[in-house]
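Please read the structure below before turning to the comments.
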Amino acid sequence: MATRSTTTVVLYTIVCMLLSVVVAAQANDFGGGKLKETNLMVEACKNASSYSLNPDNVTQEFCLSTLQSNNRSFEAKDLNSLVLITIDILKGRITPARGKVEKMLQNAKKGTVTMRALSFCKLDYDGMVRVLNICDAMIRDYHGDNSGLPSFELPRCVERVMIPAENCGSELDRDMPGAEALVNENAELVMLVNLNYALLAQYDDN
Ligand SMILES: *[C@@H]1O[C@H](CO)[C@@H](O)[C@H](O)[C@H]1NC(C)=O
Ligand SMILES: *[C@@H]1O[C@H](CO)[C@@H](O)[C@H](O)[C@H]1NC(C)=O
Ligand SMILES: *[C@@H]1O[C@H](CO)[C@@H](O)[C@H](O)[C@H]1NC(C)=O
(Lines give C-alpha, C1' and ligand atoms only; values in the text may rest on other atoms or scores of the structure.)
(Ligands and ions follow the chains in the order given, each with its own letter.)
Protein backbone atom coordinates (compact mmCIF):
# COMPACT_ATOMS: atom_id res chain seq x y z
CA MET A 1 0.00 0.00 0.00
CA ALA A 2 2.71 2.42 1.06
CA THR A 3 4.85 1.38 -1.92
CA ARG A 4 1.98 1.87 -4.31
CA SER A 5 1.23 5.38 -3.09
CA THR A 6 4.94 6.22 -3.29
CA THR A 7 4.94 5.03 -6.88
CA THR A 8 1.84 7.12 -7.54
CA VAL A 9 3.49 10.17 -6.05
CA VAL A 10 6.65 9.62 -8.10
CA LEU A 11 4.65 9.13 -11.30
CA TYR A 12 2.54 12.18 -10.52
CA THR A 13 5.69 14.22 -9.95
CA ILE A 14 7.18 13.07 -13.25
CA VAL A 15 3.97 13.90 -15.12
CA CYS A 16 3.92 17.37 -13.52
CA MET A 17 7.55 18.00 -14.43
CA LEU A 18 6.94 16.95 -18.03
CA LEU A 19 3.87 19.15 -18.21
CA SER A 20 5.72 22.17 -16.89
CA VAL A 21 8.47 21.62 -19.47
CA VAL A 22 5.85 21.57 -22.22
CA VAL A 23 4.13 24.67 -20.81
CA ALA A 24 7.45 26.50 -20.51
CA ALA A 25 8.37 25.56 -24.08
CA GLN A 26 5.04 26.89 -25.30
CA ALA A 27 5.42 30.10 -23.32
CA ASN A 28 8.80 30.65 -24.94
CA ASP A 29 7.72 29.83 -28.45
CA PHE A 30 4.20 31.03 -28.66
CA GLY A 31 2.42 31.54 -31.93
CA GLY A 32 5.08 29.63 -33.88
CA GLY A 33 8.19 31.77 -33.80
CA LYS A 34 7.08 34.80 -31.84
CA LEU A 35 8.79 34.93 -28.47
CA LYS A 36 7.08 36.30 -25.39
CA GLU A 37 8.54 39.36 -23.71
CA THR A 38 10.42 38.69 -20.46
CA ASN A 39 9.67 40.33 -17.12
CA LEU A 40 12.90 42.29 -17.49
CA MET A 41 11.76 43.72 -20.83
CA VAL A 42 8.36 44.68 -19.42
CA GLU A 43 9.85 46.26 -16.29
CA ALA A 44 12.56 48.14 -18.19
CA CYS A 45 9.99 49.53 -20.63
CA LYS A 46 7.63 50.46 -17.82
CA ASN A 47 10.44 52.36 -16.10
CA ALA A 48 11.57 53.95 -19.36
CA SER A 49 8.10 55.33 -20.04
CA SER A 50 8.63 57.94 -17.29
CA TYR A 51 11.49 59.55 -19.19
CA SER A 52 12.25 61.37 -22.38
CA LEU A 53 14.57 63.94 -23.91
CA ASN A 54 11.52 65.24 -25.80
CA PRO A 55 8.19 66.59 -24.58
CA ASP A 56 6.68 63.14 -25.30
CA ASN A 57 7.56 60.26 -23.03
CA VAL A 58 8.73 57.02 -24.63
CA THR A 59 5.73 54.69 -24.81
CA GLN A 60 5.90 51.18 -23.36
CA GLU A 61 4.55 49.84 -26.66
CA PHE A 62 7.34 51.41 -28.72
CA CYS A 63 9.90 50.22 -26.18
CA LEU A 64 8.63 46.63 -26.19
CA SER A 65 8.21 46.36 -29.95
CA THR A 66 11.74 47.71 -30.43
CA LEU A 67 13.19 45.19 -27.99
CA GLN A 68 11.17 42.39 -29.57
CA SER A 69 12.70 43.18 -32.95
CA ASN A 70 15.96 41.61 -31.76
CA ASN A 71 15.94 38.07 -30.37
CA ARG A 72 18.86 38.78 -28.05
CA SER A 73 16.44 40.84 -25.94
CA PHE A 74 14.77 37.64 -24.75
CA GLU A 75 18.02 36.40 -23.25
CA ALA A 76 19.18 39.65 -21.64
CA LYS A 77 19.76 39.28 -17.90
CA ASP A 78 19.91 42.95 -16.90
CA LEU A 79 19.04 46.47 -17.98
CA ASN A 80 22.50 47.29 -19.31
CA SER A 81 22.44 44.24 -21.59
CA LEU A 82 19.12 45.43 -22.98
CA VAL A 83 20.60 48.86 -23.70
CA LEU A 84 23.53 47.26 -25.55
CA ILE A 85 20.88 45.69 -27.77
CA THR A 86 18.96 48.95 -28.34
CA ILE A 87 22.27 50.63 -29.19
CA ASP A 88 22.82 47.94 -31.83
CA ILE A 89 19.28 48.41 -33.11
CA LEU A 90 19.89 52.16 -33.41
CA LYS A 91 23.22 51.66 -35.17
CA GLY A 92 21.53 49.18 -37.47
CA ARG A 93 19.07 51.91 -38.46
CA ILE A 94 21.68 54.64 -38.88
CA THR A 95 23.60 52.58 -41.45
CA PRO A 96 20.82 52.46 -44.10
CA ALA A 97 19.84 56.09 -43.39
CA ARG A 98 23.44 57.14 -43.95
CA GLY A 99 23.50 55.02 -47.12
CA LYS A 100 20.52 56.93 -48.49
CA VAL A 101 22.09 60.27 -47.63
CA GLU A 102 25.29 59.21 -49.35
CA LYS A 103 23.42 58.12 -52.47
CA MET A 104 21.48 61.40 -52.68
CA LEU A 105 24.71 63.25 -52.10
CA GLN A 106 26.21 61.67 -55.21
CA ASN A 107 23.34 63.02 -57.29
CA ALA A 108 23.04 66.41 -55.55
CA LYS A 109 24.03 69.53 -57.40
CA LYS A 110 27.13 71.17 -55.95
CA GLY A 111 26.74 74.54 -54.26
CA THR A 112 23.10 73.94 -53.29
CA VAL A 113 21.20 73.91 -49.99
CA THR A 114 20.51 70.23 -50.61
CA MET A 115 24.20 69.47 -50.94
CA ARG A 116 24.90 71.30 -47.70
CA ALA A 117 22.10 69.56 -45.77
CA LEU A 118 23.11 66.11 -46.96
CA SER A 119 26.80 66.73 -46.20
CA PHE A 120 25.98 67.71 -42.63
CA CYS A 121 23.61 64.78 -42.19
CA LYS A 122 26.30 62.37 -43.26
CA LEU A 123 28.62 63.93 -40.72
CA ASP A 124 25.89 63.76 -38.05
CA TYR A 125 25.30 60.08 -38.72
CA ASP A 126 29.02 59.29 -38.59
CA GLY A 127 29.26 61.19 -35.30
CA MET A 128 26.28 59.32 -33.87
CA VAL A 129 27.90 55.95 -34.58
CA ARG A 130 31.17 57.08 -33.00
CA VAL A 131 29.45 58.28 -29.84
CA LEU A 132 27.37 55.11 -29.67
CA ASN A 133 30.55 53.03 -29.87
CA ILE A 134 31.91 54.97 -26.90
CA CYS A 135 28.65 54.47 -24.96
CA ASP A 136 28.67 50.77 -25.84
CA ALA A 137 32.17 50.37 -24.38
CA MET A 138 31.22 52.49 -21.36
CA ILE A 139 28.23 50.25 -20.60
CA ARG A 140 30.26 47.06 -21.07
CA ASP A 141 32.99 48.32 -18.74
CA TYR A 142 30.56 49.56 -16.10
CA HIS A 143 30.47 47.27 -13.08
CA GLY A 144 28.74 49.38 -10.45
CA ASP A 145 29.41 52.89 -9.24
CA ASN A 146 32.55 51.79 -7.39
CA SER A 147 34.22 50.65 -10.62
CA GLY A 148 35.35 54.21 -11.44
CA LEU A 149 32.52 55.75 -13.45
CA PRO A 150 29.33 57.11 -11.86
CA SER A 151 26.21 55.56 -13.39
CA PHE A 152 24.77 58.93 -14.47
CA GLU A 153 27.48 59.03 -17.15
CA LEU A 154 25.69 56.21 -18.99
CA PRO A 155 22.47 58.10 -19.86
CA ARG A 156 24.51 61.25 -20.46
CA CYS A 157 26.62 59.43 -23.01
CA VAL A 158 23.59 58.29 -24.99
CA GLU A 159 22.06 61.75 -24.63
CA ARG A 160 24.91 63.16 -26.74
CA VAL A 161 23.57 61.32 -29.75
CA MET A 162 20.36 63.36 -29.68
CA ILE A 163 21.91 66.64 -30.84
CA PRO A 164 23.35 65.31 -34.12
CA ALA A 165 20.13 63.37 -34.76
CA GLU A 166 18.03 66.50 -34.29
CA ASN A 167 20.49 68.62 -36.28
CA CYS A 168 20.15 66.34 -39.25
CA GLY A 169 16.36 66.47 -38.92
CA SER A 170 16.30 70.24 -38.99
CA GLU A 171 18.68 70.39 -41.97
CA LEU A 172 16.47 67.99 -43.90
CA ASP A 173 13.29 69.77 -42.94
CA ARG A 174 13.85 72.23 -45.77
CA ASP A 175 11.95 71.91 -48.98
CA MET A 176 14.26 69.42 -50.60
CA PRO A 177 13.29 67.13 -53.48
CA GLY A 178 13.17 63.50 -52.34
CA ALA A 179 13.91 64.30 -48.71
CA GLU A 180 10.63 63.04 -47.28
CA ALA A 181 11.85 59.46 -46.80
CA LEU A 182 15.00 60.77 -45.12
CA VAL A 183 12.98 63.05 -42.85
CA ASN A 184 10.80 60.14 -41.74
CA GLU A 185 13.78 57.87 -41.24
CA ASN A 186 15.50 60.55 -39.19
CA ALA A 187 12.39 60.98 -37.02
CA GLU A 188 12.59 57.24 -36.25
CA LEU A 189 16.24 57.59 -35.32
CA VAL A 190 15.31 60.37 -32.89
CA MET A 191 12.72 58.07 -31.29
CA LEU A 192 15.32 55.33 -30.90
CA VAL A 193 17.82 57.74 -29.34
CA ASN A 194 15.09 58.76 -26.95
CA LEU A 195 14.44 55.12 -26.06
CA ASN A 196 18.13 54.48 -25.40
CA TYR A 197 18.23 57.46 -23.09
CA ALA A 198 14.95 56.59 -21.35
CA LEU A 199 16.09 53.04 -20.57
CA LEU A 200 19.13 54.43 -18.75
CA ALA A 201 17.49 57.58 -17.36
CA GLN A 202 16.86 56.11 -13.90
CA TYR A 203 20.63 56.43 -13.34
CA ASP A 204 20.34 60.15 -14.08
CA ASP A 205 17.92 60.72 -11.19
CA ASN A 206 20.44 61.77 -8.56
C1 LIG B 1 13.79 34.95 -33.55
O2 LIG B 1 13.29 33.80 -32.93
C3 LIG B 1 12.14 33.28 -33.55
C4 LIG B 1 11.59 32.13 -32.70
O5 LIG B 1 12.58 31.26 -32.29
C6 LIG B 1 12.49 32.83 -34.97
O7 LIG B 1 11.35 32.33 -35.64
C8 LIG B 1 13.04 34.02 -35.73
O9 LIG B 1 13.47 33.62 -37.01
C10 LIG B 1 14.19 34.64 -34.98
N11 LIG B 1 14.57 35.87 -35.65
C12 LIG B 1 15.83 36.17 -35.86
C13 LIG B 1 16.06 37.48 -36.53
O14 LIG B 1 16.74 35.46 -35.50
C1 LIG C 1 12.63 49.84 -12.37
O2 LIG C 1 12.50 50.83 -11.38
C3 LIG C 1 12.54 50.31 -10.06
C4 LIG C 1 12.22 51.47 -9.12
O5 LIG C 1 13.07 52.54 -9.34
C6 LIG C 1 13.89 49.71 -9.80
O7 LIG C 1 13.96 49.18 -8.49
C8 LIG C 1 14.12 48.58 -10.80
O9 LIG C 1 15.42 48.05 -10.66
C10 LIG C 1 13.94 49.10 -12.23
N11 LIG C 1 14.03 47.98 -13.13
C12 LIG C 1 14.65 48.03 -14.30
C13 LIG C 1 14.67 46.78 -15.11
O14 LIG C 1 15.17 49.05 -14.73
C1 LIG D 1 6.09 61.39 -18.38
O2 LIG D 1 6.05 60.46 -17.32
C3 LIG D 1 6.10 61.04 -16.04
C4 LIG D 1 6.17 59.94 -15.01
O5 LIG D 1 5.24 58.94 -15.23
C6 LIG D 1 4.87 61.91 -15.85
O7 LIG D 1 4.94 62.56 -14.58
C8 LIG D 1 4.83 62.97 -16.94
O9 LIG D 1 3.65 63.69 -16.84
C10 LIG D 1 4.89 62.28 -18.31
N11 LIG D 1 4.96 63.28 -19.34
C12 LIG D 1 4.23 63.22 -20.45
C13 LIG D 1 4.42 64.34 -21.41
O14 LIG D 1 3.47 62.30 -20.68
Side-chain angles (χ1 to χ4, degrees), residues 20-21 23-95 97 125 127-166 169 185-206:
S20 65
V21 167
V23 168
Q26 279 182 343
N28 273 330
D29 189 14
F30 112 138
K34 194 165 180 292
L35 298 163
K36 192 160 163 32
E37 64 267 23
T38 62
N39 289 340
L40 175 68
M41 289 160 74
V42 172
E43 198 189 311
C45 286
K46 202 169 166 202
N47 285 359
S49 67
S50 303
Y51 303 99
S52 177
L53 294 168
N54 287 334
D56 300 320
N57 288 359
V58 163
T59 67
Q60 287 183 52
E61 294 74 27
F62 175 67
C63 177
L64 274 178
S65 66
T66 304
L67 288 175
Q68 280 165 345
S69 73
N70 186 316
N71 279 350
R72 277 161 55 212
S73 301
F74 301 97
E75 275 144 36
K77 293 284 179 282
D78 57 29
L79 177 64
N80 289 5
S81 314
L82 281 180
V83 178
L84 291 175
I85 296 163
T86 55
I87 285 179
D88 280 350
I89 292 171
L90 173 55
K91 280 167 66 180
R93 297 287 281 277
I94 295 172
T95 307
Y125 287 160
M128 285 170 76
V129 171
R130 285 193 195 151
V131 173
L132 286 170
N133 287 341
I134 293 172
C135 302
D136 184 282
M138 215 179 258
I139 293 168
R140 279 175 206 279
D141 295 339
Y142 176 80
H143 303 291
D145 271 16
N146 295 331
S147 69
L149 188 79
S151 58
F152 66 75
E153 295 291 358
L154 305 182
R156 293 193 190 169
C157 183
V158 172
E159 189 179 357
R160 283 171 174 258
V161 184
M162 192 52 118
I163 291 168
E166 285 179 340
E185 215 161 349
N186 196 79
E188 283 171 23
L189 294 182
V190 167
M191 281 173 72
L192 285 173
V193 173
N194 216 6
L195 173 62
N196 273 283
Y197 171 79
L199 283 168
L200 291 168
Q202 58 184 300
Y203 297 144
D204 212 359
D205 271 354
N206 14 333

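As the structure lists them, so they are numbered: ligands from 1, and atoms in each ligand from 1.
The protein heavy-atom contact nearest to atom 10 (C) of ligand 2 is Asn47 ND2, 2.4 Å.
Checking Asn196 against Thr86 by side-chain atom types alone, a donor-acceptor pair falls below 3.5 Å. For the 3.5 Å distance criterion, the side chains of Asn80 and Tyr203 qualify, holding a donor opposite an acceptor.
Atoms of ligand 2 found under 4.0 Å from any heavy atom of Leu40, numbered from 1 in the order shown, are 13 (C). Near Glu43, with a cut-off below 4.0 Å to any heavy atom, the atoms of ligand 2 are 1 (C), 8 (C), 9 (O), 10 (C), 11 (N), 12 (C), 13 (C). If you number the atoms of ligand 2 from 1 as listed, the ones under 4.0 Å from a heavy atom of Leu79 come out as 14 (O). Less than 4.0 angstrom separates some heavy atom of Gln202 from each of these atoms of ligand 2: 10 (C), 12 (C), 14 (O).
The presence of a protein heavy atom under 4.0 Å from atom 5 (O) of ligand 2 is ruled out. Protein heavy atoms are found less than 4.0 angstrom from atom 14 (O) of ligand 2.
Checking each of Asn57, Asp56, Val58 against Asn194 for a side chain to side chain contact (heavy atoms under 4.5 Å, CB included) leaves exactly one that passes, namely Val58.
More than 12 heavy atoms of other residues, nucleotides or ligands sit less than 6.0 Å from atom CZ of Arg72.
Between Leu189 and Ala97, the shortest heavy-atom distance links the atoms CD1-CB, 4.2 Å.
Put simply, the side chain of Asp136 never gets that close to the backbone of Leu84: no donor and acceptor are under 3.5 Å apart.
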